[in-house]
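These notes concern the structure reproduced below.
Note on naming: letters A, B, ... go to the chains in the order of the sequence lines (proteins, then strands), and numbering restarts at 1 for each one.
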Protein chains: 2
Amino acid sequence: MAFATKKGASAKLRSAAFKRVRADHSAELAEDYVEMIADLIDERGEARCTDLALRLGVANATVVKTMRRLQVAGLINQEPYRAIFLTSDGWKMAEDGRRRHALVEKFLLALGVTRETARIDSEGIEHHVSAETLKAMAKFLARNGG
Amino acid sequence: MAFATKKGASAKLRSAAFKRVRADHSAELAEDYVEMIADLIDERGEARCTDLALRLGVANATVVKTMRRLQVAGLINQEPYRAIFLTSDGWKMAEDGRRRHALVEKFLLALGVTRETARIDSEGIEHHVSAETLKAMAKFLARNGG
DNA sequence: TTGGAAGTTTAGCATTTGCTAAATTATTTG
DNA sequence: CAAATAATTTAGCAAATGCTAAACTTCCAA
Ligand SMILES: [Mn+2]
Ligand SMILES: [Mn+2]
Ligand SMILES: [Mn+2]
Ligand SMILES: [Mn+2]
């Protein structure tokens, strides 16, 4: 009947936003880990589970388990008891993530919040910013003190 | 030794951002559910599991399970097989969430993205915006077409 | 008033993300 | 080189969030 159809269509439209958020959250962990592995490799030549655990504020065993999933996903390579390496897919994800993350952080700074707040808020916000919004932020930055 | 202390302190600083993100995500589900329950009550007099499931894009059983947790958390009241009511804590959370959500959405619009993008991106971003960033967004809105 | 549609709950399962404690391997130091 | 220390992995657990299928209750309409 007409009413049910209209109701269904409207709900379907609404639910799209929540589906996007759930998809963002599925990708989020991998993005943050891979970005941090790239940072560690650049800063000190290698990435180890302990450093990841320390920086993420989680237990070592949690990192180890996640490494297994990232390896299965083709983002990292790791021999038992050795340091972690990024695959080319991993490097691509890390660099895309860095660009996006840096842009969001700079945007928040330009908006007028403190360094600390920009650093903290951007860590969560970065994963929910669409290409269109990212572009709008870049445009804002270009106008205001980018 | 001095080096370990310095390294530990720096990692602790970094990990704070991730801890905030994890805390945000713990709160997120309750916030979205409660806000939607408030919307349904306002729009049609009552909130039922089926409508929540439709709008969230999840299965009915998922909503039912979440309702139990929200009841334990003191945010809703529900008799078996009846509609869902918000407690006063639930209403407070819903109204705070609405204000914040609406502000973020308006901010994105003012930044120049389309209605659709503002609607979708704000659904995720809203949960990671600190009080300070929210204030900065409000200030921006006051200057530009609020 | 009763039968069926619609809504709700339960049961049972899977995945992700976290934890602690114990076992194992690597590395450094005496 | 052997012992101590550090790092890593495994085992086993828990909570949150999702699913489908089956059972149960409510409500409307014939
Ligand atoms: Mn992040
Ligand atoms: Mn919301
Ligand atoms: Mn939301
Ligand atoms: Mn998020």
Side-chain angles (χ1 to χ4, degrees), chain A residues 1 3-5 7-8 11 15 18-34 36-37 40 44 46-73 75-85 124 127, chain B residues 1 3-4 7-8 11 15 18-34 36-37 40 44-73 75-85 124 127:
Chain A
M1 85 275 296
F3 179 63
T5 302
K7 180 173 155 188
S15 70
F18 294 101
K19 286 189 170 146
R20 237 287 302 282
V21 173
R22 289 194 294 269
D24 291 344
H25 285 161
S26 297
E28 175 161 349
L29 196 96
E31 288 171 5
D32 284 338
Y33 269 80
V34 156
M36 190 171 285
I37 291 167
L40 282 165
R44 55 177 68 179
E46 64 173 19
R48 305 211 141 246
C49 289
T50 306
D51 299 309
L52 285 174
L54 242 182
R55 290 197 182 187
L56 289 162
V58 299
N60 230 278
T62 302
V63 173
V64 171
K65 250 184 213 171
T66 303
M67 288 306 107
R68 188 141 327 143
R69 276 201 311 284
L70 295 190
Q71 184 143 32
V72 168
L75 294 166
I76 67 156
N77 273 131
Q78 189 191 22
E79 303 292 316
Y81 294 96
R82 301 275 98 140
I84 300 151
F85 297 93
H127 307 280
Chain B
M1 83 268 309
F3 179 64
K7 182 173 154 189
S15 70
F18 294 102
K19 286 191 170 146
R20 235 289 299 281
V21 174
R22 290 195 293 272
D24 290 344
H25 285 162
S26 297
E28 175 161 348
L29 196 98
E31 287 171 5
D32 284 338
Y33 268 80
V34 157
M36 189 171 287
I37 291 166
L40 283 165
R44 55 176 67 183
E46 65 173 17
R48 304 214 140 243
C49 288
T50 305
D51 298 309
L52 285 174
L54 242 181
R55 292 197 180 187
L56 289 162
V58 299
N60 230 280
T62 301
V63 173
V64 171
K65 248 183 213 171
T66 303
M67 287 307 107
R68 188 139 329 142
R69 274 202 312 285
L70 295 191
Q71 184 142 32
V72 168
L75 294 166
I76 66 156
N77 274 130
Q78 188 190 23
E79 303 291 316
Y81 294 96
R82 301 272 101 134
I84 300 151
F85 296 93
H127 306 280

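Rounded to whole angstrom, the span from the NE2 atom of B/His25 across to the C1' atom of D/dT17 amounts to 13 Å. Rounded to an integer number of Å, the gap from CZ of B/Arg48 to P of D/dT26 is 11 Å. Taking atom NZ of B/Lys19 as the reference point, atom P of C/dC19 lies 9 Å away to the nearest angstrom. Between B/Tyr33 atom OH and D/dT17 atom C1' the separation is 8 Å, expressed in whole Å. Atom pair A/Glu31:CD and C/dT17:C1' shows a separation of 16 Å (rounding to whole Å applied). Note: CG (B/Leu52) to P (D/dG18) measures 12 Å, nearest angstrom. A straight line from CG of A/Leu40 to P of D/dA7 spans 13 Å, rounded to a whole angstrom. Taking atom CG of B/Leu56 as the reference point, atom P of D/dG18 lies 8 Å away to the nearest angstrom.
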Determine all donor-acceptor pairs shorter than 3.5 Å in which one atom belongs to a side chain in residues 27-34 of chain A; sequence neighbours excluded.
unit_1: A/Glu31; atom_1: OE1; unit_2: A/Arg100; atom_2: NH1; d: 3.4
unit_1: A/Glu31; atom_1: OE1; unit_2: A/Arg100; atom_2: NH2; d: 3.0
unit_1: A/Glu31; atom_1: OE1; unit_2: A/His127; atom_2: ND1; d: 2.8
unit_1: A/Asp32; atom_1: OD1; unit_2: A/His127; atom_2: NE2; d: 3.0
unit_1: A/Asp32; atom_1: OD2; unit_2: A/His127; atom_2: NE2; d: 3.3

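Evaluation of the salt bridge (Lys or Arg N to Asp or Glu O under 4.0 Å) test over residues 52-73 of chain B, restricted to residues two or more places apart or in two chains, returns B/Glu43-B/Arg55.
Here A/Arg48 pairs with A/Glu46 under the salt bridge (Lys or Arg N to Asp or Glu O under 4.0 Å) rule; sequence neighbours left out. Taking the side-chain contact (heavy atoms from CB on, under 4.5 Å) definition, one finds that B/Arg22 meets it with A/Val58, B/Phe18, B/Lys19, sequence neighbours left out. Looking at residues two or more places apart in sequence or on another chain, you find no side-chain contact (heavy atoms from CB on, under 4.5 Å) involving B/Ala61.
Contact detail for A/Cys49 and A/Val64: the closest heavy-atom pair is SG-CG2, 4.2 Å. The shortest heavy-atom contact between A/Ala47 and A/Leu40 is CB-CB, 3.8 Å.
In this structure, A/Thr50 reaches the D/dT8 phosphate: one of its side-chain N or O atoms is under 4.0 Å from OP1 or OP2. Neither OP1 nor OP2 of D/dT17 sits under 4.0 Å from any side-chain N or O of A/Arg22.
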With the sugar-phosphate defined as primed atoms, P, OP1 and OP2, and the base as all remaining atoms, what B/S/- string results for nucleotides 9-15 of chain C, 5' to 3', for protein heavy atoms under 4.0 Å?
-> BBBBB--
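Across all strands, A/Thr62 comes closer than 4.0 Å to base atoms (heavy-atom distances).
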